[in-house]
Structure formats: C-alpha cells, structure tokens
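Just below is one structure, and these are the notes that go with it.
Source: prediction; values computed, not measured. All ligand and atom numbering here is 1-based and tracks the order in the structure.
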Amino acid sequence: MSDVTPAQAPRFEPLPADFSGAPAAAEESVLALWRSEDTFAAVQRARSGGEAFVFWEGPPTANGKPGIHHVLARTLKDTVCRWQSMLGKRVERKAGWDTHGLPVELEVEKQLKISGKPQIEAYGVAQFNAKCRESVWTYKDEWERLSERIGYWLDYANPYVTYDATYVDSVWYVLARMHRANLVYRGKKVLPFCGRCGTGLSSHELGQPGVYKDIPDPSVYVRFVLAEQAGPERESLLAWTTTPWTLPSNVALAVHPEREYVRARVALPVPKGAAKGSAGHEILWVAAERAKAALGEHEELGRKRGSELVGTAYVPVFDVAVPEVEPGAWKPDAAGSFKVYGAEYVTVEDGTGIVHQAPSYGADDWEVARRNRLVVRQAVGAEGRLLCDIAGAPEGAKFGPAVRGTFFKDADKALAKDLKNRGLMFKDSEETHSYPHCWRCSTPLFYYAAPAWFVRTTALKERMLEQNRRIRWVPGEVGSARFGEWLENNVDWNISRDRYWGTPLPFWTCGSCEHERAVEGAGELARLSGKLPEGFDFHKPSVDTVTLPCEKCGGTMRRTNAVLDCWFDSGAMPYAQHGFPHVAGSAEKLRDQFPASYICEGLDQTRGWFYTLHAIGAFMTLEHPELGAGPAYSTCLVNGLVLDKDGVKMSKRLGNIVNPWEAIAKHGVDAVRWYLVGSAAPWLPKRFDPAALADVQRGLFGTLANSYRFFQEYARIDRFDPADVRIPLVAARPEIDRWLVSRTQSLVADVRRRFTDYDLAGGARAIETFVVDELSNWYIRRNRRRFWKGESGADKLAAFATLHGALRAVSLLMAPLAPFTAELLWRRLEPGRGSVHAQLAPVADERLLAPELERGVEVVQRVVTMGRALREKVGHKVRQPLRALHVRSSDTSAL
Ligand SMILES: [Zn+2]
Ligand SMILES: [Zn+2]
C-alpha cells in the first residue's frame with residue numbers, strides 16, 4: 001500500500017476531469033491502482049486475524065458468457081462481503097468453477113459436430129472427456145475480466161474446480177459415507193428421461209426454468225374391446241390418453257375402485273345425411289361423472305362400481321410383439337396382462353375415469369404394475385425411439401410411420417391413424433399442454449423406467465425441514481413457502497447420469513454375487529485394488545479399468561457405469577473445496593469455514609444449489625457432529641430476474657439482451673451496481689431501463705461529484721486541514737452545521753443497521769437521499785457564502801469541517817456498493833490512509849445526534865416543498881417574493 005504519510009500527501013486533489021462525463025475511465029484508473037497496490041490481498045491480510053464471516057461462491061460454468069444478471073448477483077455478493085470486511089470480519093472469497101455435466105458435453109458435441117451417445121463412443125470417451133476438460137474454460141478470461149471490471153473481489157488465484165482430483169476425491173468421501181449410512185440405493189425408477197442425452201433427470205432439474213413449454217398434444221379416446229362380448233353390439237372400455245406412443249406398451253387398464261361406472265349405449269357415427277343410429281350402436285364403459293363430457297348423447301343401460309369391473313379382460317389394441325423388460329423389483333406374471341385393475345390414483349376430473357397402463361412410462365403405472373406383478377413392455381427405448389415396427393404411414397400422409405427408430409413424439413400420428421382405420425378410435429383432437437423438455441437440449445422428455453442410483457433424501461426430510469427453519473431467508477417467504485414446500489414434497493434424489501463427463505460414481509458391484517461397495521477416495525481404491533494404473537485419472541474411462549476382488553465371493557467387482565449428477569458436485573463444495581478429509585489441514589479449514597454465514601444466488605436455485613447444499617449438509621452435519629447441528633448456511637439472499645426495460649425476459653431470440661460491457665462503458669460500473677441493487681429489493685424482478693440508469697448516474701454520482709468539487713475548490717484555496725485545532729467543536733458550530741453533523745451520524749447508524757441486516761436497497765436509498773436532498777440541495781445551497789467569503793475564521797472552519805465530515809462518511813458508507821467512487825473520494829479526502837476498503841465502517845457518535853433539530857429542519861423542508869408545489873399550482877415563479885406565508889399544523893411541537 002501507499003507509503004505516503006498523511007502529512008506529505010497532497011490533500012483534496014480534484015476528481016479526474018472526466019469523472020461525471022465518462023466515469024468508466026476514472027474507474028479504470030482505480031482498477032490500475034488496485035492492481036499495482038494489490039489492494040485486495042492487502043485488505044485480506046489486514047483482516048486475517050478477524051472473526052470469520054463465511055461466504056461461499058456458487059460456482060458458475062465458464063462455458064457460457066456472463067450476462068447482466070450475473071452483474072446483479074455478483075454485486076450483491078460483493079457488497080455484503082465488502083461490508084462485512086469493513087466490520088472487521090475475515091471474509092475469505094474463494095472463487096469456484098462448476099466444470100462437469102451435461103451442459104459441457106453438449107457444447108463439445110456441438111463443437112465436434114456429433115450428437116448422441118453412440119457417436120461419442122465412436123469418437124472415443126477419453127478424447128471426448130479431454131475436450132470437455134478444455135471446453136469448460138472457454139470463457140474463463142471473460143468471467144475474470146468482467147468480475148474484475150465490476151469490482152467483484154474474488155480469489156481467482158486459488159479457486160476450487162469441481163473436476164480437480166482433490167475435489168472428486170472429497171465428493172467420493174461424501175458419497176461413500178452416505179452409502180455406508182444406507183442412504184444410497186440402486187433401483188429402477190420411472191424418471192423424466194431425455195432420449196437425446198440418454199439420461200434421467202432429477203426432480204430439481206425438472207424445476208429449472210423453461211422446462212415446461214406449451215405444445216400441441218394429441219388427445220385420443222380409445223376403445224378397449226372386451227374379450228367377452230355380452231350382446232350383438234360391440235362392447236368396450238373407453239380410455240383417454242395424450243400419449244398414443246405409450247399404447248403399444250399397454251398391459252392393463254385402471255379404474256377407481258370406489259367410483260361408479262356406466263354402461264352406455266351410443267350411436268355409431270353415420271355418413272353425412274344419413275339418419276342418426278342408422279349405422280347401429282355400440283356399448284361403452286366410462287366413469288359416471290365423465291359420461292356426458294366423453295360420450296355426448298347416450299343411453300345409460302346400467303352401472304357398476306369400479307371394484308366390480310376389476311378383472312375384466314380386453315383385447316390388446318396393438319397386436320404386436322413388444323420387447324419386455326425385467327422390472328427387477330418383482331417377478332412378472334403374464335397371466336395378469338390386459339385386464340382391469342383398481343387404483344386409487346385414478347381421477348374423474350378429465351378423460352373417462354379409465355386409465356390405460358404402460359408401466360414403463362409412468363410412475364403411477366409402475367406402482368400399479370408392481371402391486372399386481374404385471375409384465376413391463378417397452379416399445380420405446382432409452383433413446384426415446386421405437387424398438388419395433390408398429391404402424392406404417394398411409395400413402396400421401398404428412399406424417400411418418402411408427403416403426404423401429406421413430407422418435408416417440410413422431411409416432412403419435414401414425415398410431416392414431418392406425419387405430420382409426422381399425423375402428424378403435426372413438427374420437428381424437430389436439431390440445432395444448434404444458435409439456436416438460438430437457439433443460440439443456442430442449443428435447444421433449446418422456447417418463448421411462450431406467451436403472452438409477454438414488455440418495456434416500458426422504459430419510460433426511462425431517463432434519464432438512466428442521467434445519468430450514470434455522471436459515472435466515474431474505475426474503476423470508478422463499479424459505480417458508482417455496483423452499484419449505486419443496487422440502488415437504490421431497491422425493492429421493494436420483495444422482496446417477498448415464499453420461500461421460502462427470503464425477504464417476506464410486507460404487508463397485510460384483511458380477512457374480514451383486515455385492516456392492518462404495519470407495520471413499522483414491523487412497524482406498526489403491527489399497528483395495530492393489531495398485532492404481534499408471535497415470536490414474538478419476539474420470540472415465542481410466543477409472544473404469546480398475547476392478548476389485550469381491551470380499552464376499554472372490555468374484556470381480558466393476559464400477560457402475562454412471563457418473564454423478566453435477567448438482568451434487570456443487571452441493572458438496574463446502575467439503576470438497578478443501579479436499580476434506582483427504583488433504584492435510586482440511587478438517588481444520590472446514591471447521592473454520594462451515595457453515596456459511598451468507599450465500600446469494602438466483603431464485604431458481606431453490607431447486608438447484610440451495611437444495612443440494614442443504615440436503616448434503618443435513619447428512620454431513622449428522623456424520624460430522626463437530627460441524628454443529630445447524631444448516632449448511634445461515635443466511636440466503638435471493639435475487640430475481642433482470643428483465644428488459646419493458647419487463648420482458650431477455651432472450652437471444654428477442655434481441656433484448658443487455659450487454660454488461662456496453663452499460664459499464666457508458667455509465668460506469670458504480671452506477672450500474674447502484675442501479676441494480678438500489679432500485680428495488682433484490683428478489684423482485686428488475687427492469688433494466690437505461691434511462692433510469694442514466695438518472696442514477698446524474699442524480700447520485702453527478703451530485704456527489706459536484707459537492708466534492710465545491711468543497712475541494714475552496715478547501716484547497718484555504719489550505720483547510722481537518723486536524724486544525726482551531727476548528728470549533730460541534731456544539732459550538734452554527735445550528736445548520738449541527739444539523740448536518742446530526743444527519744450524518746443518523747445516516748451512519750441507519751446504513752450500518754440496514755447493510756448488516758441485508759437491506760442493501762434501503763441502505764442505498766438512504767445514502768442517495770442524504771447526498772442529493774440534504775448534503776447538496778439543502779446544506780451546500782444554504783451555506784455557499786460561508787465558503788466564499790474572504791476572511792477565514794471559526795465560522796468558515798466549522799463549515800469546512802462539517803462538509804468534510806459528511807463527505808468522508810458518505811465515501812465510507814457507499815464503499816461496499818460503489819467501490820470505485822468511494823475509493824476516488826476517500827483517497828482525496830483522507831490521503832495516505834490507504835484504500836477505503838481497508839477502513840473500518842464508521843460508528844455513529846450518539847453524542848452528536850440532535851433529533852429535535854433534525855425534526856425541526858424536516859418540518860421546514862416539508863413547508864418549503866409544499867410552498868414550491870403551491871407556487872407551481874398557482875403559477876408563481878420561485879424567486880417572486882411572497883407577502884406572507886401561513887402554515888397551519890396540527891402538531892404544535894413542529895412550530
Ligand atoms: Zn437432453
Ligand atoms: Zn461377489
């Protein structure tokens with residue numbers, strides 16, 4: 001830091017000439033100063049003995065460019081960290097990078113112009129993963145450059161990287177401990193599945209924004225003809241579905257056992273002009289409540305309870321040999337196929353109250369199949385494509401056939417047409433539905449029974465709920481409503497992904513006896529396997545070459561093929577960033593840096609990082625009681641979306657994306673920071689309006705610069721020295737000085753309380769009001785003459801000292817939010833004292849508070865404002881003198 005002593009330093013230097021016009025240039029000069037002084041490191045050193053305020057950086061992926069919303073999130077993080085540092089706390093600010101997962105693989109697939117798993121395998125997994133490892137750093141420089149430019153102080157020299165060996169080693173430890181605690185299990189589960197990516201998605205991935213899109217879906221009513229016909233008119237059960245592609249995999253129908261079903265006689269459709277009923281009639285079964293809506297005009301012949309229909313056999317709608325799969329959890333009995341079963345989940349809200357069952361493609365269907373030991377047919381495989389030929393497309397049709405290889409969504413039309421041709425379609429239409437798509441590649445998802453690994457988070461539910469009550473959410477309702485409800489409805493976490501670039505699951509299973517074992521880290525793996533291969537890498541395919549002898553039967557144990565959900569990586573960062581427990585000293589480090597005092601990310605992370613940190617924390621605090629019984633983080637500040645100026649979500653398609661660099665170049669980053677944080681509570685959606693941003697720049701920053709200019713011009717002429725012993729004590733200064741001193745102290749108390757309380761917008765507004773309305777428009781405007789006058793003396797010294805004190809306090813208070821301007825001001829007001837960011841936050845001197853004086857001036861200000869408004873109303877010019885002004889008040893103390 002600067003070694004200039006206060007006595008030698010030139011005092012009250014002018015601001016850079018272009019400060020108001022082009023603040024970006026002045027800010028660049030501050031960056032250069034910080035770089036040359038290594039100010040960040042110096043501040044960190046100065047606080048090294050302080051009490052820890054623990055901040056965790058939610059790791060971004062550097063394979064996409066940072067946008068304006070990142071500026072908001074990073075400003076919120078930075079402001080709180082700077083503030084806590086000014087309170088004397090030690091705030092370690094370790095950078096982090098999220099480097100694994102599907103997003104990275106997708107980028108590389110695009111780069112290599114390949115798509116899907118077979119092509120990746122053909123390219124070679126080792127080379128593919130090497131490309132992934134490179135690709136994650138595509139925009140690293142851009143991220144670091146933007147972070148530096150916006151003043152986000154972060155330790156980029158020593159980041160945690162989720163693909164690093166020490167990191168993976170640590171994640172293995174967490175997983176192995178969970179496995180040992182019987183919280184990890186292998187099962188087949190019906191999951192939302194992406195055929196393109198070839199992997200299941202967890203429920204929190206399904207909660208990502210943009211997953212549900214409105215698309216037209218077929219809506220079909222299909223006749224399931226009874227195997228035993230009672231009379232001459234054809235009798236069928238009528239079922240409704242929006243997924244015709246699941247019909248070839250049908251094995252059963254479900255009815256609600258307690259509901260009433262009607263046997264209805266319906267006229268068959270007739271050619272145009274023919275008499276109704278002339279084509280004959282048919283008999284259909286539907287739930288009583290649905291008869292009118294589903295059938296229209298009908299004659300009720302009788303009723304039965306759902307339970308009485310159970311066991312009724314019907315003819316399969318597609319007479320095709322569909323592949324069957326082993327469900328694992330039960331031994332299927334083919335005799336149970338194509339019959340009616342009772343199921344409580346069936347509703348009569350829509351459709352017919354009769355639900356077609358394809359166990360492989362629905363969680364409820366799977367449950368019905370499990371209970372009744374049904375066969376599981378899979379006409380659609382993991383890639384989302386038909387595994388067998390079912391129906392051709394008629395000649396001249398605008399749609400393709402439903403044959404082996406057809407994408408499931410593309411098969412619907414041919415299947416519907418086929419049912420129509422065979423007289424099995426009662427009616428069909430198209431309806432718009434909200435349908436889930438892959439959050440990364442936008443392919444329509446489908447539910448699919450796939451093998452998967454799970455963490456039994458449901459076993460931790462009560463603990464997660466209890467720990468959540470101890471988190472301070474800002475705003476509170478995110479914790480009680482959004483996050484609390486999410487935890488209430490917790491389902492087990494599917495942690496496996498059948499992909500390539502990720503933390504490999506550390507689970508080895510025996511080929512002979514199915515014995516399972518989890519490995520805690522590379523050390524244990526070496527011990528168990530005898531020796532790790534030369535150049536061992538945790539990643540695929542290297543890790544898959546390591547086999548272990550089975551301790552139960554002597555057979556060979558191989559690693560399960562899957563990699564880990566990358567959300568688990570980031571959720572394990574509290575431990576893995578230190579390499580806990582394998583790295584020397586990591587246990588002490590973890591204890592010092594756990595739990596987090598503060599984290600801050602977007603609202604969408606309630607189902608992302610906030611959740612995975614919380615879930616893993618609920619387990620790790622059980623496993624390691626030395627970490628305390630509380631949640632992984634104590635305070636969570638949530639930030640909302642940044643919209644364009646009309647309140648529309650920014651998107652490439654609409655071309656309304658704000659380039660952060662352009663906004664910064666035009667207005668300076670302090671104005672951008674101030675505008676983003678000060679304009680509304682962080683969690684509310686924000687409109688990014690360049691006009692309003694320009695107002696902040698002119699209003700607050702322009703006014704502040706003018707106030708300083710006014711002060712410094714006269715202070716230099718008069719060689720004002722704030723340490724001058726002749727400066728009158730505050731009590732001896734004129735009333736208006738005592739008022740500004742009191743207001744300054746009140747501001748200090750107010751901002752201190754608000755910033756500490758995470759009310760950053762409130763703190764920002766308090767500073768802004770003070771600078772514009774009180775310091776500039778009231779105090780300076782009314783006291784100009786005292787600075788102008790020729791003779792120096794007590795009164796002038798009092799005015800200088802009062803104004804200097806106010807500017808000094810403002811520069812300190814605004815430092816967390818406007819770090820550049822604060823630095824420019826501070827170094828001029830208090831030269832030789834180093835960076836404003838190394839200072840301690842001011843504390844209000846209560847002896848200087850004069851509440852009655854403040855109240856009195858407030859009344860006068862109100863009268864002036866009202867007076868101005870009246871003049872405007874009646875058309876009096878501001879400078880035109882008035883004969884009299886009468887003020888009436890119900891508050892006598894105000895007068
Ligand atoms: Zn996908
Ligand atoms: Zn074995």
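Under 2.8 Å from the Zn ion (ligand 2) lies no N/O/S atom of His515, from backbone or side chain alike.
Salt-bridge formation is not detected for the pair Glu107/Arg440: no Lys NZ or Arg NE/NH1/NH2 atom is positioned less than 4.0 Å from an Asp or Glu carboxylate oxygen.
Atoms OH and CG, from Tyr185 and Leu183 in turn, are 10.5 Å apart once rounded to the nearest 0.5 Å.
Neither side chain, Trp486 nor Thr606, offers a donor N or O lying under 3.5 Å from an acceptor on the other.
The angle that Cys550 SG and Cys513 SG make at the Zn ion (ligand 2), rounded to 10°, works out to 110°. Expressed to the nearest 10°, the angle at the Zn ion (ligand 2) joining SG in Cys510 with SG in Cys553 is 100°. Vertex the Zn ion (ligand 1); arms to Cys441 atom SG and Cys197 atom SG; angle 110° (nearest 10°).
In this structure, Lys140 is not positioned above the aromatic face of Trp143 in the sense of NZ or CZ being under 6.0 Å from the six-membered ring centre and within 45° of the axis.
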